[in-house]
> 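My structure is below; once you've seen it, I'll send some questions.
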Amino acid sequence: MFNNIIDDSEILAELKTKGYFAIKSFIKPEVIDEISNDVTKNRHSINENVQNGIYYETQYYFMNLLADSKKCFDFIASSFVMNIVTKYLGDTYRLRALRYYETMSGHVMKWHTDNKKERKKMKFNGLIFIIYFCDVDEGEFQFIEGSHKFSDKFETPDISDEFVNKNYSELIKSFRLPKGSLLIYDATGIHRAKPFINKKYIRKSLYFQIDANEENSEKILLNTNFLNNVTPEIKKLLGFGKKNSY
């Protein structure tokens with residue numbers, strides 16, 4: 001599944017100091033292609049017992065990856081992900097949300113943090129994983145380095161472009177990376193996807209968030225055929241028996 005092996009300690013050190021870690025071309029192309037096929041093959045299906053995505057303004061979303069993509073499940077439940085999550089967040093963790101999404105020209109994302117619910121800031125931490133499903137040459141992910149250490153001074157998760165440009169322009173890190181690259185970042189860090197206006201380009205990504213909170217999450221549809229070995233850690237990750245009203 002992976003093109004190379006990265007030492008956990010290197011990732012954890014960067015997360016703690018900078019708030020992010022980027023791994024170029026980390027996921028093998030054939031894995032990316034398999035997941036991509038799983039989540040797009042039914043995008044226009046009608047009257048079939050399959051999962052569909054939705055188009056909303058300038059984006060296409062497919063939420064139910066764990067119902068259709070075994071490779072996606074294998075990655076989220078992998079020892080690579082679980083080791084980073086447990087070492088960074090501790091013994092309390094749960095998959096909060098996941099989605100494959102395609103972003104088209106004109107989409108605008110505010111600078112924000114992801115420790116939120118319904119636009120209100122929450123007090124627990126989390127980790128976000130983003131995988132690029134195409135070469136990202138524009139509209140790339142951006143992160144304000146070290147912002148996970150001071151974002152708690154803001155009362156809301158959203159921060160204006162004007163404020164960021166005035167106060168943090170030198171700390172903005174942009175990630176133009178090839179297909180299969182992985183980004184991991186602290187949910188309390190300030191970030192966005194950079195706007196773009198190229199109508200011939202579509203940015204394709206997979207996102208999932210694991211919070212240091214077991215009590216709630218979005219609803220998750222799961223193909224039980226993927227569960228070859230249901231460990232206590234997997235049950236905790238997927239929130240077996242827990243509330244899911246986000």
Side-chain angles (χ1 to χ4, degrees), residues 19-27 29 31-45 51-69 71-72 75-76 95-116 118-119 126-144 147 157-161 164-165 172-187 189-210 218 220 246:
Y20 65 85
F21 190 85
I23 312 174
K24 184 179 180 181
S25 304
F26 183 59
I27 310 296
V31 174
I32 294 293
D33 291 342
E34 181 175 333
I35 298 175
S36 181
N37 179 66
D38 289 338
V39 300
T40 61
K41 62 186 178 184
N42 298 318
R43 76 164 80 216
H44 299 301
S45 296
Q51 301 303 315
N52 299 100
I54 60 168
Y55 282 92
Y56 180 73
E57 295 183 348
T58 55
Q59 291 186 298
Y60 168 79
Y61 289 97
F62 184 86
M63 311 289 195
N64 298 313
L65 290 97
L66 299 190
D68 270 2
S69 178
K71 280 291 193 296
C72 181
F75 178 72
I76 292 175
L95 179 64
R96 174 202 177 115
L98 72 160
R99 57 189 57 92
Y100 166 85
Y101 57 101
E102 298 177 359
T103 303
M104 289 153 265
S105 171
H107 181 74
V108 177
M109 177 185 289
K110 293 181 179 180
W111 288 99
H112 65 283
T113 64
D114 282 332
N115 56 331
K116 64 183 187 297
E118 297 175 355
R119 314 315 305 173
L127 280 176
I128 288 82
F129 296 74
I130 292 179
I131 302 171
Y132 284 171
F133 270 57
C134 65
D135 294 340
V136 176
D137 300 316
E138 52 187 313
E140 69 272 14
F141 175 78
Q142 294 183 307
F143 191 94
I144 298 177
S147 57
D158 295 327
I159 300 165
S160 71
D161 289 357
V164 168
N165 291 334
I172 296 174
K173 304 300 177 182
S174 293
F175 298 90
R176 292 188 173 188
L177 295 169
K179 175 179 174 180
S181 296
L182 172 67
L183 294 157
I184 309 170
Y185 63 94
D186 190 302
I190 302 169
H191 63 279
R192 72 169 184 177
K194 187 177 181 180
F196 66 95
I197 55 173
N198 181 358
K199 293 184 178 180
K200 295 182 179 180
Y201 176 71
I202 299 175
R203 189 185 69 242
K204 302 176 182 180
S205 308
L206 187 154
Y207 154 103
F208 65 94
Q209 178 170 345
I210 299 176
E218 293 182 359
I220 294 172
Y246 284 169

> Could you go step by step and tell me if R192 and D161 meet the salt bridge (charged side-chain N to carboxylate O under 4.0 Å, His left out) rule?
CA-CA 10 Å; R192 72 169 184 177; D161 289 357; 3.8 Å; yes
> Is the shortest heavy-atom distance from the side chain of V136 to the side chain of L177 under 4.5 Å?
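Heavy-atom side-chain distance check fails, nothing below 4.5 Å.
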> Just say parallel, tilted or perpendicular for the rings of H191 and F143, cut-offs at 30° and 60°.
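Judged by the thresholds at 30° and 60°, the geometry between H191 and F143 is parallel.
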> So, taking the atom named CD1 in I131 and the one named CD1 in I23, what distance separates them when rounded to the nearest 0.5 Å?
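The distance works out to 10.0 Å.
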> Should I128 and Y207 count as side-chain neighbours, where that means a heavy-atom distance under 4.5 Å?
yes
> Would you mind reporting whether Y132 and S205 have side-chain heavy atoms less than 4.5 Å apart?
yes
> How about CD1 on I54, more than 12 heavy atoms from neighbouring residues, nucleotides or ligands closer than 6.0 Å, or not?
yes
> Determine whether Y100 and D68 make a side-chain contact, defined as any pair of heavy atoms from C-beta on separated by less than 4.5 Å.
no
> So with a 6.0 Å cut-off around NZ of K41, is the heavy-atom count from everything else above 12?
yes
> Of all heavy-atom pairs between A193 and G139, which one has the smallest distance, and what is that distance?
CB-O, 4.1 Å
> Determine whether F175 and K173 make a side-chain contact, defined as any pair of heavy atoms from C-beta on separated by less than 4.5 Å.
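F175 reaches K173 side chain to side chain.
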> With T103 as reference, evaluate M109, K204, Q59 under the side chain to side chain contact (heavy atoms under 4.5 Å, CB included) test and give the passing residue.
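Among M109, K204, Q59, the one meeting side chain to side chain contact (heavy atoms under 4.5 Å, CB included) with T103 is Q59.
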> Verify, without hydrogens or angle tests, whether S147 (side chain) and G189 (backbone) share a donor-acceptor contact under 3.5 angstrom.
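Judged by distance alone, no pair lies under 3.5 Å.
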> Measuring from H112:NE2 to N115:CG, what's the distance to the nearest 0.5 Å?
10.0 Å
> Side chains of D38 and F62: closer than 4.5 Å at any heavy-atom pair?
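No, every pair of side-chain atoms sits at 4.5 Å or beyond.
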> Ring centres of Y185 and F141 under 6.0 Å apart?
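Yes; F141 has its ring centre under 6.0 Å from that of Y185.
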